[in-house]
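Here is the structure we will look at.
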Amino acid sequence: MKTQVGIIGGGPAGLLLSQILHINGIDSVILERQSRDYVLARIRAGVLEQGLTDMLRAAGVGERLDKEGMVHGGVNLTFDNRIERIDLEGLTEGKMVTVYGQTEVTRDLYDARDAADGKIVHEADDVRPYDVETEAPYLTYKKNGEALRIDCDFIAACDGFHGIGRQSFPAGVSTEYEKVYQFGWLGILSRTKPANHELIYGNHERGFVLCSMRSSTLSRYYVQVPTDERLEDWSDERFWEEVSQRLPSDVAAEIEQGPSIEKSIAPLRSYVTEPLSFGRLFLAGDAGHIVPPTGAKGLNLAASDVHYLSKGLIAQYRDGDESGLKTYSERALRRIWKAERFSWWMTMLMHSFPADGAFGHKVQQAELDYLTSSKAAMTAMAENYVGLPY
Ligand code: FAS
Ligand code: PHB
């Protein structure tokens, strides 16, 4: 098989890239390791920056988003038995975020690719990129035991943190930066009304808590847990009790408890690999970087990577201008590092660090008290949370 762009990974980054290339007349093939049902069963991000929602609309994938997505003009912080609202819309001259699950974004992108007869190979095993330093790279993979090959002009590795793309860079090319946090997030989905019409991020000495949602009848909650925590030790009753203890009493009183329909623990890490390209192989999304979900940046960074990479590929094919591809890594990394910093800052501010003792907790309370009483500080948080410019 021959295509112009071979894409490894059919998550949001790979699907969005394929759809944008398609509407610009560029052919691509996606090789996805899992089944479509498996990909669509993942419960992950929930908050979309305006940059991503604009890209989805431009790619012809905004209809359900505009119908079902919930636009939020603010976000709330709780600490010291208080709740304080950050007026995102007022502090950023009208910018807001949209709450719409990553699962729905992925579903909408799959539907769009199907409608355009997009080529997506599911359960593609042992995908490997070759000759990426030449003008004729190719991918091999196995499907139902048969060895197959795809010749292409460029390869985009949108294959997530555990993908093959980054591992295919020759030794000595990459520099990795990593910080692993000594806690994870235990998350549940429940068919209950959300605690608030906007998100609530909670700092408490028992640990971080997040009250989010997917719709007016579907809530998403997270609590900080130690990295070695076992899911089987968390009954729904224990989870709801912990959420309530970590919130101000008047906020906790609003919580509608109910059975969990999904429960999982995700580790937290900050990670970046540099550069994001080698020859004609490009990394986009979690393949190149990971952020702790505290800043709601993971999915949104995948979108800005796809923005830069698709622009570079379009210029290459349309005008023979390779400058966008040559500068892709540098341009994407500038925005990635700013999101890494914001995600690290939110994580350090909102989680409990027992090793820092009572003093560390008091310093966090003071920073939150300052943050929520300073227009300058809230503006800085707001412009990062709604998303810095591409
Ligand atoms: P993805 O990991 O989504 O997709 C990569 C795809 O490549 C997958 O479908 C995988 O099966 C496939 N693949 C991997 N290796 C392959 C190979 N060798 N061959 C072929 N295919 C291969 N972000 C937030 O903003 N908020 C959150 O709350 C949040 N929660 C998260 C929870 C978890 C458990 C995880 C892992 C991530 C979470 N994230 C969150 C981040 C997440 O949303 C990512 O940023 C987002 O999925 C990035 O999309 P992709 O880059 O497409 O990577
Ligand atoms: C979610 O709803 O899953 C969510 C929202 C905000 C975050 C992380 C996760 O920062």
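Each ligand, and each atom within it, is numbered from 1 in the order the structure gives.
- Inspection of the Tyr317 and Asp153 side chains reveals an N or O donor paired with an N or O acceptor under 3.5 Å.
- For the side-chain contact (heavy atoms from CB on, under 4.5 Å) criterion with Trp185, the lone passing option out of Leu210, Val225, Ile265 is Leu210.
- The distance criterion of under 3.5 Å between nitrogen or oxygen atoms is not met by Gly163 with respect to ligand 1.
- At a cut-off of 3.5 Å, with distance as the only test, no side-chain donor of Glu229 or Thr227 sits close to an acceptor on the other residue.
- The residue among Gln102, His289, Lys297 with a heavy atom at the shortest distance from atom 47 (O) of ligand 1 is Gln102.
- Nearest protein heavy-atom contact of atom 41 (C) of ligand 1 is Asp286 OD2, 4.0 Å.
- No donor-acceptor contact under 3.5 angstrom links the side chains of Ser260 and Ser190, judged on distance only.
- At a heavy-atom cutoff of 4.0 Å, ligand 1 is contacted by the side chain of Val127 but not by its backbone.
- Considering each of Arg44, His162, Glu123, the one bringing a non-hydrogen atom nearest atom 30 (N) of ligand 1 is Arg44.
- Under 3.5 Å, the side chains of Arg113 and Ser18 contain a donor-acceptor pair of N or O atoms.
- Using modelled atom types, no side-chain atom of Glu176 and backbone atom of Thr273 make a donor-acceptor pair closer than 3.5 Å.
- With a 4.0 Å heavy-atom cut-off, ligand 1 is reached by the backbone of Ala45 and by its side chain too.
- In summary, Glu123 and Arg33 do not engage in a salt bridge, as defined by a charged side-chain N under 4.0 Å from a carboxylate O.
- The side-chain contact (heavy atoms from CB on, under 4.5 Å) test applied to Gln364 returns Asn203, Phe353, His361, not counting sequence neighbours.
- What sits closest to atom 5 (C) of ligand 1 on the protein, heavy atoms only, is Cys158 O, 3.4 Å.
- Residues with a heavy atom under 4.0 Å from ligand 2: Arg44, Gly46, Val47, Trp185, Leu199, Tyr201, Leu210, Ser212, Arg214, Arg220, Tyr222, Pro293, Thr294, Ala296.
- Between Tyr390 and Tyr308, the ring planes are tilted. Angles from 30° to 60° get that label.
- Per-residue contacts place Gln34 under 4.0 angstrom from the following atoms of ligand 1 (heavy atoms of the residue considered): 11 (O).
- Nearest-residue assignment for atom 49 (O) of ligand 1 (options Pro12, Gly11, Gly285, Pro293; heavy-atom criterion): Pro12.
- Considering backbone and side-chain atoms alike, Ala287 places every N or O at 3.5 Å or more from each N or O of ligand 1.
- Annotation: atom 34 (C) of ligand 1 to nearest protein heavy atom, Ala266 CB, 3.8 Å.
- Note on Trp234: it does not cluster hydrophobically with Phe208, by side-chain heavy-atom contacts below 4.5 Å among ILVMFWY residues.
- Counting protein heavy atoms only, atom 28 (O) of ligand 1 is closest to Tyr222 OH, 3.6 Å.
- Between Asp236 and Arg238 there is no salt bridge, since no side-chain nitrogen of the basic residue lies less than 4.0 Å from a carboxylate oxygen of the acidic one.
- Geometrically, ligand 1 and Ala124 share no nitrogen or oxygen pair separated by less than 3.5 Å.
- Aromatic ring centres of Tyr177 and Tyr271: separated by at least 6.0 Å.
- When only modelled atom types and interatomic distance are considered, Ser323 and Asp321 share a side-chain donor-acceptor pair under 3.5 Å.
- Considering both main-chain and side-chain atoms, Trp185 never comes within under 3.5 Å of ligand 1 through any nitrogen or oxygen pair.
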Donor-acceptor pairs under 3.5 Å, side chain of residues 290-305 to any protein atom, not counting sequence neighbours: which ones?
| unit_1 | atom_1 | unit_2 | atom_2 | d |
| --- | --- | --- | --- | --- |
| Thr294 | OG1 | Thr347 | OG1 | 2.7 |
| Lys297 | NZ | Glu49 | OE2 | 2.6 |
| Lys297 | NZ | Asn384 | O | 3.0 |
| Lys297 | NZ | Tyr385 | O | 2.8 |
| Asn300 | OD1 | Glu49 | N | 2.8 |
| Asn300 | ND2 | Val47 | O | 2.9 |
| Asn300 | ND2 | Ala296 | O | 2.8 |
| Ser304 | OG | Leu301 | O | 3.1 |
| Ser304 | OG | Arg335 | NH1 | 2.9 |
| Asp305 | OD2 | Gly285 | N | 2.8 |
| Asp305 | OD2 | His289 | NE2 | 2.5 |

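- At under 3.5 Å, a nitrogen or oxygen of Arg42, whether backbone or side chain, sits near a nitrogen or oxygen of ligand 1.
- Within the structure, ring pair (Phe, Tyr, Trp, His ring centres under 6.0 Å) contacts touching residues 73-116 (residues at least two apart or in different chains) are Tyr110-His122.
- Residue contacts with ligand 1 for Val291 are absent, since no atom lies close enough (heavy atoms, distance under 4.0 Å).
- Atom 14 (C) of ligand 1 has its nearest heavy-atom neighbour, among Val105, Leu40, Asp159, Leu268, in Asp159.
- Here the heavy atom of the protein found nearest to atom 52 (O) of ligand 1 is Ala13 N, 3.0 Å.
- The environment of CD in Glu63 is sparse: at most 12 heavy-atom neighbours from other residues, nucleotides or ligands sit within 6.0 Å.
- Compare Arg33, Glu32, Gln167 by their heavy atoms: the one nearest to atom 11 (O) of ligand 1 is in Glu32.
- Proximity of Tyr141 to ligand 1 is not established, as no heavy-atom distance is less than 4.0 Å.
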